[in-house]
Amino acid sequence: VQLQASGGGLVQAGGSLRLSCALSGLTTRTNVMAWFRQAPGQDREFVSRIKWREGNRVYADAVKGRFTISRDGARRMVYLQMSGLKPEDTAVYYCATGPVLATTPDLFEAWGQGTQVTVSS
């Protein structure tokens, strides 16, 4: 599986961005798609996940109500619509895929290269 993330950028607090993740080489282990983020000096943290087939979604408390994860199976794309952005959302955002419903990075098997999101105050 190969993942390609895009869509990051610089935005003012309160603004919106949509991140995209393109998938190729899907396998039977492509069960869950997720977004993580990592700020400088901090651990990689879970943001959201979606089951590839059923579409069930889970969000971290920090982004609940502001971010929306979605997927387009035909285009093999996963999106993260981010609204109401805050300076503390500033991080490199990564898409990832794996076989199990998880929120810890170690359980995800393939990762995109990351896209920088910077929110100015």
Side-chain angles (χ1 to χ4, degrees):
V1 178
Q2 291 187 325
L3 307 175
Q4 180 77 28
S6 62
L10 173 64
V11 63
Q12 289 187 333
S16 299
L17 279 175
R18 188 178 81 156
L19 305 183
S20 300
C21 181
L23 289 75
S24 60
L26 293 177
T27 73
T28 55
R29 296 180 70 80
T30 309
N31 183 39
V32 182
M33 296 297 305
W35 288 94
F36 287 80
R37 65 187 182 185
Q38 188 166 21
Q42 297 187 18
D43 293 334
R44 193 166 296 189
E45 68 170 351
F46 170 78
V47 174
S48 182
R49 74 175 188 227
I50 186 168
K51 288 190 71 175
W52 183 247
R53 294 173 183 81
E54 295 86 351
N56 307 71
R57 300 169 174 85
V58 172
Y59 298 94
D61 287 344
V63 307
K64 202 172 293 183
R66 299 187 297 123
F67 291 9
T68 302
I69 192 171
S70 62
R71 88 258 191 258
D72 183 331
R75 290 186 170 86
R76 298 189 176 184
M77 298 289 294
V78 177
Y79 304 101
L80 186 69
Q81 178 67 48
M82 305 185 294
S83 303
L85 283 162
K86 305 174 182 180
E88 51 264 44
D89 294 318
T90 295
V92 177
Y93 283 70
Y94 299 88
C95 56
T97 184
V100 299
L101 296 175
T103 59
T104 53
D106 290 350
L107 295 180
F108 286 81
E109 299 179 339
W111 292 82
Q113 84 286 8
T115 184
Q116 176 70 47
V117 172
T118 303
V119 184
S120 63
S121 57

ask   = Parallel, tilted or perpendicular: which describes the rings of Tyr93 and Phe67, with under 30° parallel and over 60° perpendicular?
value = tilted

query = Do the rings of Phe108 and Phe36 sit parallel, tilted or perpendicular, given the 30° and 60° boundaries?
reply = perpendicular

request  = Check step by step if side chain to side chain contact (heavy atoms under 4.5 Å, CB included) holds for Arg71 and Cys21.
outcome  = CA-CA 9 Å; Arg71 88 258 191 258; Cys21 181; over 6 Å; no

Taking the side chain as C-beta and beyond, is there a heavy-atom pair between [X] and [Y] under 4.5 Å?
X      : Y     : result
Glu109 : Pro99 : yes
Phe46  : Val58 : yes
Asp89  : Met82 : no

Euclidean distance, Arg57 CZ relative to Ser48 OG, rounded to 0.5 Å = 8.5 Å

task = Might you confirm whether atom CD of Gln2 has over 12 heavy atoms from other residues, nucleotides or ligands at distances under 6.0 Å?
result = no

ask   = Do other residues, nucleotides or ligands put more than 12 heavy atoms under 6.0 Å from the CD atom of Gln12?
value = no

query = Going by atom types only, do Gln4 and Ser6 share a side-chain donor-acceptor pair under 3.5 Å?
reply = no

Out of [options], which residue meets the side-chain contact (heavy atoms from CB on, under 4.5 Å) rule with [X]?
X     : options                      : value
Tyr79 : Thr68, Ile50, Asp72          : Asp72
Leu17 : Val119, Thr118, Val11, Leu10 : Val11
Cys95 : Thr115, Ile69, Leu80, Leu3   : Leu3

Minimum heavy-atom separation for [X] and [Y], please, with both atom names.
X     : Y      : result
Arg53 : Asn31  : NH1-OD1, 3.8 Å
Thr90 : Ala39  : O-CB, 3.7 Å
Ala62 : Arg37  : CB-NH2, 4.0 Å
Arg49 : Ala102 : NH1-O, 3.2 Å
Gln38 : Gln42  : NE2-O, 3.1 Å
Arg44 : Pro105 : O-CG, 3.9 Å

query = Do Val78 and Trp35 pass the side chain to side chain contact (heavy atoms under 4.5 Å, CB included) test, and can you show the C-alpha distance, the side-chain angles, and the key distance before you say yes or no?
reply = CA-CA 9 Å; Val78 177; Trp35 288 94; 3.7 Å; yes

inquiry  = Taking the basic N atoms (NZ, or NE/NH1/NH2) and the acidic carboxylate oxygens, is any pair closer than 4.0 Å for Asp61 and Lys64?
reply    = yes

message = Membership question, hydrophobic clusters at under 4.5 Å side-chain separation (ILVMFWY): are Met77 and Val117 in the same one?
response = no

inquiry  = Assigning hydrophobic clusters by single linkage (Ile, Leu, Val, Met, Phe, Trp, Tyr; side-chain heavy-atom cutoff under 4.5 Å), is Val47 placed with Leu19?
reply    = yes

Worked verdict on Leu26 versus Arg76 for side chain to side chain contact (heavy atoms under 4.5 Å, CB included) = CA-CA 9 Å; Leu26 293 177; Arg76 298 189 176 184; 3.6 Å; yes

inquiry  = If you apply the rule side chain to side chain contact (heavy atoms under 4.5 Å, CB included), what do you find for Leu23 with Met33, and how did you get there?
reply    = CA-CA 10 Å; Leu23 289 75; Met33 296 297 305; 3.4 Å; yes

